[in-house]
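To start, the structure itself, in structure tokens.
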Number of protein chains: 2
Amino acid sequence: MNVEVSFGKVLRNLREEKNLSQEQLALLSELDRTYISLLERGKRRPTINTLIALSEALEIEPSEIIEKMVANIYNEQKN
Amino acid sequence: MNVEVSFGKVLRNLREEKNLSQEQLALLSELDRTYISLLERGKRRPTINTLIALSEALEIEPSEIIEKMVANIYNEQKN
DNA sequence: CTGTGACTCTAAGTCCGTA
DNA sequence: ATACGGACTTAGAGTCACA
């Protein structure tokens, strides 16, 4: 699994855990609704600034998102 | 301190701890030497893919780089 | 060994819409 | 609520010559 696909899955999981819609997360993170969709589908590679913005909106440490992402990359069986 | 400047300082610290030149790090991470320079000076906001490439070259967890970066942002006294 | 300006090219990120 | 597409602007990716 590549980096952006793994990131997208982590992002979607975290968002759904918080019961947020893509639109709500977009508002909170001051990103575009369609861009959240692109990220979750692994179509974009976010910059670290975007990572920070998303982690603040999701109330999670940015390093934790990266940890989950890396774990995902090395654990193909996980979705 | 903003995200990219903090990232640059962390990157430089880690590189120097490993006694690597920008050129050597560039070789290891398969990035350009001048791009490493740009990153260390906070002139670029790397994507998470670039983060991964650098962390592999520096033999450090990518999440740890992010942790150090965030700590730097909230500890202005640190350089 | 590193900083920097200038550069091209690609991708980040936005905004409109439709289904 | 989300996926997806087109068109768009901005900024990063990546390189080079030179100081």
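Chain naming here is simple, since letters A, B, ... match the order of the sequence lines and numbering starts at 1 in each.
The distance from atom CG of B:Leu20 to atom CD of B:Glu23, rounded to the nearest 0.5 Å, is 11.5 Å. Here the CD1-CG distance, from B:Ile36 to B:Leu31, works out to 5.0 Å after rounding to the nearest 0.5 Å. Taken to the nearest 0.5 Å, the CE atom of A:Met1 stands 5.5 Å off from the OG atom of A:Ser6.
Note on residues 31-40 of chain A: pairs passing salt bridge (Lys or Arg N to Asp or Glu O under 4.0 Å), not counting sequence neighbours, are A:Arg12-A:Glu40, A:Arg15-A:Glu40.
Nucleotides of DNA chain D with any atom under 4.0 Å from a heavy atom of chain A span, from 5' to 3', D:dA1 to D:dG5.
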Identify all side-chain donor-acceptor contacts of residues 55-69 of chain A below 3.5 Å with residues at least two apart in sequence or on another chain.
residue: A:Ser55; atom: OG; partner: A:Leu51; partner atom: O; Å: 3.3
residue: A:Ser55; atom: OG; partner: A:Ile52; partner atom: O; Å: 2.8
residue: A:Glu59; atom: OE1; partner: A:Lys18; partner atom: NZ; Å: 2.5

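Using a 4.0 Å cut-off, no side-chain N or O of A:Arg44 falls inside it from OP1 or OP2 of C:dT10.
Contact check of residues 32-41 of chain B against DNA chain C (heavy atom, cut-off under 4.0 Å) returns B:Arg33, B:Thr34, B:Ser37, B:Arg41. Sorted by residue number, the members of residues 45-64 of chain B with any non-hydrogen atom under 4.0 Å from DNA chain D read B:Arg45, B:Pro46, B:Thr47, B:Thr50.
The nearest whole Å value for the distance from the NZ atom in B:Lys18 to the P atom in C:dC1 is 19 Å.
Annotation: side chain of A:Leu11 is in contact with side chain of A:Leu25 (closest heavy-atom distance under 4.5 Å). Contact of the B:Leu54 side chain with the B:Leu39 side chain is registered, since non-hydrogen atoms from C-beta on lie closer than 4.5 Å.
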Checklist entry - Going through the checks in order, is the side chain to side chain contact (heavy atoms under 4.5 Å, CB included) test met by B:Thr50 and B:Tyr35? => result CA-CA 11 Å; B:Thr50 302; B:Tyr35 180 54; 3.9 Å; yes

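Applying the side-chain contact (heavy atoms from CB on, under 4.5 Å) rule to A:Asn49 yields the partners A:Thr47, B:Val3, B:Glu4, B:Arg45; only residues at least two apart in sequence or on another chain are considered.
Contact annotation for B:Glu23: base contact, defined as any heavy-atom pair under 4.0 Å involving a base atom. As judged by a 4.0 angstrom heavy-atom cut-off over every strand, A:Glu16 is placed among residues making no nucleic acid contact.
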